[in-house]
Every structure is written in structure tokens, then in C-alpha cells.
Amino acid sequence: MREYDSKAIEAKWQEVWEQSKMFATPDTVEGKENFYTLVEFPYPSGNLHVGHWYAFSIPDIFARYQRMNNKNVLFPIGFDAFGLPAENAAIKRGLNPREWTLSNMDVMRTQLRTMGSSFDWSREVVTCDPTYYRWTQWLFLKLFEKGLAYQKETPANWCPSCKTVLANEQVVAGHCERCDSIVEKRLMKQWNLKITDYAERLLNDLESLPWPEPIKEAQRNWIGRSEGAEIDFKIKDSDKALTIFTTRPDTLYGATYVVLAPEHALIAELATQASNTSEISAYVQATKNQTEIERIAEGREKTGVKLEGVMAINPANNEEIPVYVADYVLGSYGTGAVMAVPAHDERDWEFAKKFDLPIKYVVAPYFLDVTENSKTRPGVEVKNRVIGVGILKHWSENKYLMLDWKNGWTGFITGGVEEGESHPDTVVREIQEETGYRNVRFVKDLGGPNIADFYAPHKNLNQHVFGYGMYFELLDGEQDQVADEEKAKHDPVWIDEEGVLLFLEKGAPMGDARYSKLFWNRLKTGNYVWADEGKVINSEGFSELSTEDARKKITDSVGGRWVTRYKLRDWGISRQRYWGCPIPVVHCASCGPVAVPEIELPVVLPEIADYLPTGEGKSPLAKATEWVNVTCPKCGGAAQRETDTLDTFIDSSWYYLRYADAHNTDVFASLEKQKQWVPVDFYSGGAEHTTMHLLYSRFFNKALFDLGLVTESEPYVRRMNRGLILGPDGNKMSKSKGNVIDPDEIVRNLGADTVRIYLAFIGPYNEVGAYPWNPDGVVGARRFIERVWRLRDRITDEATSIELDTALHQTIKKVGESIDIFKFNTGVPALMTLLNVMEKSAVVSQEVYETMLRLLAPFAPHVSEELWYDLGHTTSIHLEQWPSFDVSKLTSGEVSIAVQVNGKVRGVLTCPQGTPEATVLALARGDQKIAPWVEKGSILRVVYIPDKVLNIVVGGD
RNA sequence: GCCGGGGUGGCGGAAUGGUAUACGCGCACGACUCAAAAUCGUGUCUCGCAAGGGAUGAGGGUUCGAGUCCCUCCCCCGGCACCA
């Protein structure tokens with residue numbers, strides 16, 4: 001047979017499929033279910049890279065598979081064509097952004113075809129085309145009418161290089177996501193969408209979506225729902241009060257100062273009351289002008305200024321506490337003011353340490369012992385005990401003194417505090433009594449109390465213990481005699497630093513071990529903050545309540561309000577750019593912002609000569625004065641068009657709807673067509689869009705749903721984030737590293753089918769992995785196709801072996817399952833394994849070979865088509881049905897059973913399928929390899945997993 | 001720091017709690033060839049002559065049986081950056 005010429009074959013079939021419009025999708029097909037497979041559409045950057053191949057050619061396998069399973073599959077494609085790169089090209093190279101974009105799209109269309117992808121090009125959507133953005137504008141106006149789009153003067157992220165505003169989400173660690181410049185803050189009047197109105201629904205509706213849990217979790221965190229209390233703190237000598245938000249009102253008694261965000265509205269008023277007005281305004285001014293990056297560069301060192309002479313009153317205990325302004329409190333979250341509880345919040349702790357503010361402990365770590373031996377016993381007397389826990393260091397070595405109790409317990413030196421005795425005195429006394437050491441120096445307090453409940457068997461008491469930790473150093477080894485009575489109870493042992501925690505965990509009652517460990521960690525790390533739950537202490541009538549219990553009770557007692565807050569902020573959608581969808585609004589001096597009448601849509605983006613931003617934060621469109629100046633649609637007076645354009649995330653928030661009805665000139669998508677296709681059955685895209693595009697799009701869809709414009713409240717049924725293809729060196733591909741793989745070149749040399757097979761094979765597509773491109777590995781994929789090609793010459797009409805038949809049916813099952821769950825990296829190997837069996841078989845029937853070709857067709861569409869026709873068929877293999885497997889042919893009737901003795905495999909028996917346990921056992925005992933192991937003892941138990949494993953448990957002797 | 005995902009041969013990776021290392025790459029040897037490439041065949045976790053032992057980041061646990069489930073710890077990758 002002739003050579004496998006991938007280039008000629010692929011060109012030929014791509015042409016045939018295109019001419020015959022094989023993949024144009026009708027809206028309905030008799031007897032077929034509709035199935036909508038969507039891949040995030042590309043930005044027309046100019047060139048397809050390997051990442052695009054991974055993004056589009058792999059879901060193409062899935063689309064083709066669904067078609068062979070009798071589905072009417074919509075697999076559309078288009079371009080997310082508005083965006084900054086076009087504008088940058090215009091500015092830097094003097095090109096026309098539209099022409100730049102359109103010519104890039106032409107190049108990419110050609111490249112996309114070389115994949116052999118089965119896109120329906122007849123529904124192509126291009127967001128910069130007026131026939132598309134007409135509807136983007138129309139939908140924006142619907143949201144505007146509904147009150148979901150509004151203008152707001154807000155501090156915006158300002159990129160001095162792009163001369164444009166960025167969304168919070170587009171700022172990466174203080175830098176512009178696109179150009180990497182340092183981002184500043186600037187006040188601007190901008191359009192926003194009220195996504196926060198939908199926070200609750202966006203969160204709750206995640207519940208029933210069959211998405212991967214990590215994606216749902218990321219959205220939950222992004223929405224950031226938290227419940228807490230709003231509590232008013234009165235200002236002394238003033239009728240004012242400030243409202244703080246806290247998720248931990250249970251720590252109210254520990255609040256020792258209050259902090260306002262620099263943006264807080266009350267600062268101006270309070271500053272006049274303070275004696276250091278100018279210092280305060282200087283600080284506020286300084287933080288305002290600070291860029292995000294400067295805040296980070298500060299190394300997170302806390303800064304702030306006290307409002308001298310201004311005191312707030314803690315409503316819980318009426319204590320007067322100072323008020324600070326500090327930038328570690330954010331104006332955009334909660335109420336922009338917090339109560340600071342340094343004992344139970346890391347940030348407050350740092351700030352309090354720096355400004356020497358009081359620290360008050362109001363939550364005790366609480367440990368309830370749940371181990372069998374020492375959990376509290378019902379009906380047994382409960383005794384309160386205050387104990388001192390002493391960590392004692394050796395006088396010359398890095399070792400610590402611990403007790404090894406005869407009852408199996410372990411721990412530091414501890415002792416009950418007696419009436420009138422100080423905590424350190426207790427521990428010093430215990431050290432002398434229990435170990436005889438005399439010369440001890442108290443070094444520092446390790447805090448407390450930590451509370452624990454456990455059962456003490458030697459006293460037959462339930463102990464309710466308040467533990468206080470202390471650190472001591474031994475001055476020398478001078479030692480008294482220890483009483484015999486003490487010696488009988490425990491041995492003192494010196495444990496080196498690394499061994500301390502291990503020794504504790506070995507035998508201490510769990511409660512004891514955990515609070516002892518806490519004291520140890522405080523000693524080693526200096527971190528005294530307890531931000532977790534526990535028992536409330538030092539809080540008047542609320543002491544001894546669990547923190548959870550105390551939250552609402554303390555809130556109620558001070559007249560606080562229980563509220564729900566979200567991290568999610570409204571979506572800023574104004575962009576001071578040219579190359580975007582014009583916002584269809586006219587600003588009138590007397591009527592305010594007025595919607596452009598529907599009949600005048602689209603507001604067409606005018607051609608302009610100069611694409612540079614004005615530099616004052618206005619879009620270059622502001623320079624198109626003829627376009628800008630219009631009459632007000634409402635009053636007929638002079639008015640100006642809005643010159644900002646829309647965030648491109650708006651364009652991509654509804655494109656999946658347009659694919660369902662791409663050519664409709666009356667509506668953006670008719671309800672009838674929507675019902676046929678929406679929701680999207682499967683949506684594949686990049687992990688970077690988990691919280692941006694994916695959340696925006698869900699919001700947009702829900703808003704349209706409420707307007708009766710769409711039929712589904714969730715747009716995407718199944719979602720998968722794909723991974724990344726790295727360069728051969730294991731790094732992200734980049735021109736500077738010189739590790740970029742050019743797919744065009746590889747397709748030219750090895751063929752599109754080879755690249756598809758290799759990408760499918762490289763790793764699991766259902767996980768967000770990163771897979772290095774291995775140039776040798778690609779050759780393996782090519783070799784596989786060539787072997788399939790060569791095998792064609794060996795096919796005959798004779799019947800094939802049972803062995804081959806079994807392998808075939810197993811492969812049908814395996815490959816289908818692998819595609820269903822997007823683990824193509826197990827499907828391709830299954831095909832390779834089948835090929836290995838076929839090559840070794842004396843006879844390969846045409847039927848078996850053709851079945852194998854059908855399994856291969858979604859992966860390698862060109863070569864399978866070529867071979868299919870070569871075998872005499874006159875219609876495309878891609879119109880064939882996916883083969884079905886026969887359950888009875890999945891095994892050859894013989895199975896190999898692993899025989900284990902005490903869990904270790906000692907031999908393998910080949911038996912007819914369904915052999916009963918007794919027979920297998922008898923065979924095992926008669927097997928000369930297995931028998932000696934069985935005979936080593938008497939059989940205690942036999943576990944038999946039919947057709948798989950026989951485990952013989954042999955006992956003692 | 002917080003959140004999420006992972007640690008299995010030389011490499012990419014496979015494995016409903018049931019014979020760990022499928023499949024591919026690489027490597028070694030052999031066949032074909034004057035020779036090479038291509039192709040085909042055999043081998044390839046590790047220690048051991050063998051019988052057998054040991055390995056899925058480390059340590060413990062549950063189980064007849066653990067890469068898989070539970071606990072403690074270490075390390076790597078991705079995302080977010082003071083969210084009260």
C-alpha cells in the first residue's frame with residue numbers, strides 16, 4: 001500500500017467536509033437529541049499556539065463522539081474580538097484596530113480548519129461586528145431600564161500606561177494584567193452592574209450545579225458570604241456613633257480600640273474633634289495616593305494614626321477605648337470600621353504590638369477529650385482545677401524536662417494551684433517536689449487559661465481544667481532527694497527540642513496534649529493569638545459560654561444587628577478605550593443619562609484617526625466630536641454620547657445565547673431557538689475564567705432570566721477547566737525562554753491527527769494539570785497512526801480469534817467511558833493496546849478493523865476517513881454510529897485469580913469465569929507454589945472476591 | 001498567611017479498597033541491512049545467583065487486603081492578597 005501522507009490526506013478531507021457542509025448544525029433533527037458543546041471562543045491575537053490546539057481539538061473529540069452517539073451536536077466557534085491588544089497595535093504600530101482584528105481572524109480561521117475540527121462555521125459569532133454588538137447594547141439597555149446598570153463615582157484602578165481603568169479582577173498583585181504597569185487609584189464616574197444584588201442566588205444556585213467541586217468552591221470564596229454583627233460604638237463627648245462590622249461579636253469584651261479605614265466618611269468629622277487634625281489628614285492623604293504595590297512593598301508593616309482625644313465607648317463594658325485610622329482596614333468591605341481584638345486577631349495583634357495597645361484575652365482555647373480512656377464520663381463528679389504548666393529548660397543543654405507517668409501519661413511539669421498561691425510559685429513548688437531541682441528561674445508567661453475537660457482515672461473525677469503556661473530555666477543541676485511516693489508515680493526525663501511534641505502526643509490525655517502543645521508553640525513562635533473558637537472568658541455573664549453561643553447573645557445585649565455581608569463587589573464595566581462596544585447612552589444636562597432609543601441601535605463605533613487616550617482618563621472616542629455631539633432623545637436639547645466602551649467580559653457574557661440563533665435580526669436569540677439549545681450541555685475553558693467570566697456570565701444570564709429574556713436560570717450544565725501545555729523544558733512557553741512549540745510546523749511534518757492523538761494522550765483533560773510537550777512523545781503518536789495504516793493491508797474475510805474479539809469489546813467499552821469523563825489519556829492507550837493485539841493476531845477481519853476505525857474516528861478524523869473510504873465505503877465514517885459492546889464478550893470465559901496468603905500475592909490461577917470459592921481454594925492448596933505458604937499455619941479465614949482475588953488468612957503456628 | 005490541587009519508574013502518566021508501575025517515550029540488546037535510518041523482536045522499579053525481600057513524599061491508624069479511606073507532618077504547583 002502507498003505511504004501514509006498525512007499532509008495530502010488531511011488537506012483532502014478538510015476540503016471535502018467543508019464543501020459538503022458536513023458539520024453545519026440544523027436546529028432540530030428527527031430522532032436525535034440536541035447537544036450543545038461549547039468552548040470559550042478565542043481572542044484573535046493573530047496566531048494559533050499549542051494552547052489553542054489543546055483548547056479546541058480535544059473538545060472536538062468529544063463533539064464527534066456525541067455525534068456518533070446519535071446526538072444533533074452544536075459545536076460553534078467565533079471570536080471575542082474587542083479588546084486591548086488591537087488598540088495597542090493601533091497605538092504602537094499605527095494600524096487600524098478593526099483591520100488588525102479582521103486579518104488576524106482570517107489567519108486563525110485557516111489555522112482552526114487545519115485541526116480537522118468539526119465546528120459549525122455557519123453560526124460564527126464576532127463580538128466586534130455591529131450585528132452582534134447591536135444586541136450587546138440592547139441587553140445593556142434592558143439592564144439599565146431594570147436599574148441594574150448605574151453610574152457611580154468610585155476609586156478605580158488606573159493604569160498609567162494603558163491610560164485606562166481596570167476592573168479589580170484585572171489587577172494582578174498591583175500590576176496591570178495586560179501591560180504589567182503599576183496600578184494607581186483614581187476617582188471616576190463609571191458604569192457598574194449590580195452583581196451584588198445576585199450574590200445570594202449566585203451562591204445558592206451553585207449547590208445543584210454538577211460542576212467540579214473546586215470550581216464551585218472558588219466561586220463561593222469569591223462571593224465571600226459571611227454572617228456577623230453590626231455594632232454601634234458611641235463616641236465620647238459627642239452625639240456621634242460609629243458602626244463596626246464583625247464576624248466575632250463573641251470577642252466584644254476584648255475590643256481595646258477601634259479602627260477606621262482611611263476612606264471612612266466619619267473621619268472628616270471626628271478629625272475636627274481630635275487634637276491632631278493635620279496628622280490625620282496627612283495620613284489619609286498618604287494612603288489615598290498610595291498605589292497597591294506600595295502597600296505591598298511596605299512588607300505588611302502596620303501603619304496608622306490615633307485620633308487624639310477621640311474615645312469610643314465599648315458598649316459591652318462601657319470602657320473608653322481609642323480610635324485609630326489605619327489602612328489595614330478596607331473601606332470597601334463591611335462598614336469600613338472594625339473593633340480591634342488583639343488577643344484574637346492576627347492583624348489587630350500586630351497593630352497593638354506596634355502601638356503598644358492593651359491586649360485582653362476573652363476566649364480560652366477549649367479542648368474536650370474524646371479518646372476512649374480519658375473522655376469525660378457521665379454521672380461522675382466534675383471538679384474545677386486551676387493548674388500551672390511549666391516548661392523547664394536544662395541549664396546547659398537544649399533539652400526540656402518532662403514527666404513520664406507510670407499510668408502511661410506524659411507531659412510537662414504541672415500542678416494544681418492552691419489557695420493564695422501564684423501560678424509561678426505553684427510550678428516552682430511542683431518542680432521541687434517532683435524532680436528535686438532547686439534553682440529555677442521564671443522567664444515568661446505563656447498565657448492562659450486554656451480550658452480542657454477530661455476524665456482522670458486515678459482520681460475518678462471529671463476534670464474541668466484551667467491551664468496557665470509558664471516558661472522556666474534551670475540554673476544548675478543542684479537536686480534534692482525526691483520522696484519515694486513521688487518516684488512511684490513518674491520518672492523525670494530530659495527530652496531534646498525536636499522530641500518534645502512527639503513525647504507529648506505519646507501519652508498525654510488529648511486535652512492536655514493540645515493545650516500543652518499550644519504553650520510550647522507560643523514559646524517557640526511568640527504567636528499568642530487565638531483566632532479560633534473556644535470558651536468565652538473575662539466577659540461578665542457570658543463567661544464559660546462557647547464562642548458560637550455567645551455571638552448572638554452578646555450582639556443582642558448591646559443592641560447589635562445580625563447581618564450578612566459579601567466580599568463580592570459590583571461589576572465596573574466602563575472602559576476608557578476605543579476598541580470596545582460603545583455604551584448606548586446619551587448624557588443630557590437636564591435629563592441626565594438617557595438610553596439611546598432601540599430603533600437607533602447599534603450605536604456604531606466611529607472610525608477615528610488617533611487612538612491615543614486623551615490622558616485625562618477619557619476614551620479616544622471623546623475626540624470624535626461629530627459623533628459625540630447629539631441631541632437628547634428625551635428633550636431634544638444638546639447632549640453628548642457616552643464615550644466609554646464596555647468591558648469585553650460583557651461581550652462574552654451572552655455569546656452562548658447568540659450561537660443558538662446567530663443570524664436573527666429581530667431579537668438577540670429567539671425563545672424558540674433558546675429552548676432548542678440552552679442551557680449549554682458542556683462548557684470547556686480555562687481555569688483563569690473560574691471567577692471572572694464564569695461568574696459574570698451566570699449573573700448576566702440570571703438578570704436576563706428575571707427579565708423573561710432567557711429560559712434558563714443557569715447557562716452551563718457541565719463545566720470543565722482544562723490544563724496547560726508547557727514547553728519541553730517544563731516551563732510555561734514563552735518567546736523569551738525559547739521553548740515555544742509552533743503547532744503549524746508540527747502539523748506540516750507529522751499531521752493534525754498526530755497532534756490530536758498526542759494531546760489527548762498527554763494527561764487527564766478533566767484535571768487542571770500542566771503537561772510538558774515532549775517532542776519524542778509526539779513521534780509515538782505518529783508511529784501509532786502509521787501502524788494502523790499498515791495494518792490495513794493485512795485484513796481478510798476470515799473469522800477472528802475469541803481473544804481478539806474480547807479485546808475489541810473491552811476497547812469499545814473503555815474508549816467510550818474515557819471520552820465520557822474526559823480522560824482521553826486512558827482511551828488512546830486502550831486503542832493502542834487493541835492495535836497490539838490485532839498485530840499479533842493471525843487473522844484480522846475487516847469487521848474488526850472497521851470497528852477499530854470507528855473508535856479512532858473522533859481522535860484522528862482524517863486518517864480514519866481515508867481508510868474508511870479505502871475499504872470501499874461511500875459515505876463518511878463521521879456519520880457512522882459509535883460501536884456498541886456486547887457484555888458477554890468482555891471476557892474470554894477464563895479469568896486469572898490472584899491468590900494471596902495473608903494479603904501477599906503468592907500465585908495466580910487461571911480458572912473458568914465464575915469458579916466457586918471452594919474450587920479455587922482447592923486449586924490453591926494443590927498449587928505447588930502457593931501450598932507451602934498455606935501450610936505454614938492453620939487457615940483462619942478465606943476472603944474471596946469472585947474472579948479476582950482469593951485471600952487465605954493463615955494463623956500462628 | 002488564606003483557599004484550592006497534587007507528590008507513583010529516567011520522563012508523561014495508569015490503577016470501582018482487590019495481581020502497583022497499563023500505554024507511550026527514553027534506554028539496552030537482537031533481527032533485517034554492505035552500512036545507517038525506518039521497521040520488527042526481547043528486556044527495562046529496586047536489592048538478590050536464587051528462593052524471596054523492599055518500594056506509590058514521611059510516620060501512624062482502619063481493613064483479610066491501602067497508591068486509593070482516616071490522623072499527624074514534610075514538600076511542590078496554582079489562585080487570592082490585610083474581607084474584621
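In the text below, chain A, chain B and the rest are named by the order of the sequence lines, each starting its count at 1.
Closest to the Trp222(A) side chain, of the nucleotides C40(B), C82(B), C80(B), is C80(B). Of the candidate nucleotides C64(B), G54(B), G52(B), G54(B) has the atom nearest to the side chain of Lys904(A). Residue Pro829(A) has its side chain nearest to A22(B) when only A22(B), A84(B), A20(B) are considered.
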task = Go through Glu786(A) and Arg783(A) one step at a time and tell me if the salt bridge (charged side-chain N to carboxylate O under 4.0 Å, His left out) criterion holds.
result = CA-CA 5 Å; Glu786(A) 286 175 353; Arg783(A) 285 208 276 256; over 6 Å; no
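Residue-to-nucleotide proximity on RNA chain B shows that, of Val828(A) and Thr247(A), the 5′-proximal contact is made by Val828(A). Annotation: of the two residues near RNA chain B, Ala337(A) and Asn902(A), the 5′-most nearest-nucleotide partner is Asn902(A).
The residues Glu817(A) and Lys814(A) are annotated as not salt-bridged, no charged nitrogen and carboxylate oxygen being separated by less than 4.0 angstrom. Lys354(A) and Glu350(A) are not joined by a salt bridge, as no carboxylate oxygen comes within less than 4.0 angstrom of a charged side-chain nitrogen.
Contact annotation: Arg906(A) does not reach the phosphate of A51(B) (side-chain N/O to OP1 or OP2, under 4.0 Å).
Remark: G10(B) base-pairs with C25(B). Criterion, Watson-Crick or G-U wobble with two distances under 3.5 Å. Nucleotide C82(B) is matched to nothing when pairs are restricted to Watson-Crick or G-U wobble geometry with both distances under 3.5 angstrom. G30(B): Watson-Crick or G-U partner is C40(B), with both key distances under 3.5 Å.
Figure legend: cation-pi geometry between Lys302(A) and Phe351(A) absent, as NZ or CZ is not positioned both under 6.0 Å from the six-membered ring centre and within 45° of its axis.
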Would you list the protein and nucleotides 24-28 of chain B atom pairs, both N or O, that sit under 3.5 Å from each other?
from   : atom 1 : to        : atom 2 : distance (Å)
C25(B) : OP1    : Arg783(A) : NE     : 3.0
C25(B) : OP1    : Arg783(A) : NH2    : 2.8
G26(B) : OP2    : Arg783(A) : NH2    : 3.0

Can you give me the N/O atom pairs linking the protein to nucleotides 2-6 of chain B at distances under 3.5 Å, or say none if there are none?
from  : atom 1 : to        : atom 2 : distance (Å)
C3(B) : O2'    : Asn221(A) : ND2    : 2.6

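There is no side-chain donor-acceptor pair under 3.5 Å between Tyr758(A) and Asn774(A).
With rounding to the nearest 0.5 Å, the separation of CG in Leu835(A) from NZ in Lys840(A) is 9.5 Å.
Taken residue by residue, residues 942-953 of chain A places heavy atoms nearer than 4.0 Å to RNA chain B at Val943(A), Ile945(A), Lys948(A), Val949(A), Asn951(A), Val953(A).
At distances below 3.5 Å, not a single donor-acceptor pair connects side-chain atoms of His344(A) with backbone N or O atoms of Thr251(A).
Atoms CD (Gln219(A)) and P (C80(B)) sit 15 Å apart, rounded to a whole Å.
Using a 90° window around 0 for the glycosidic torsion, G9(B) falls inside it and is classed as syn.
The only option from Glu200(A), Glu230(A), Glu227(A) that meets the salt bridge (charged side-chain N to carboxylate O under 4.0 Å, His left out) definition with Arg565(A) turns out to be Glu230(A).
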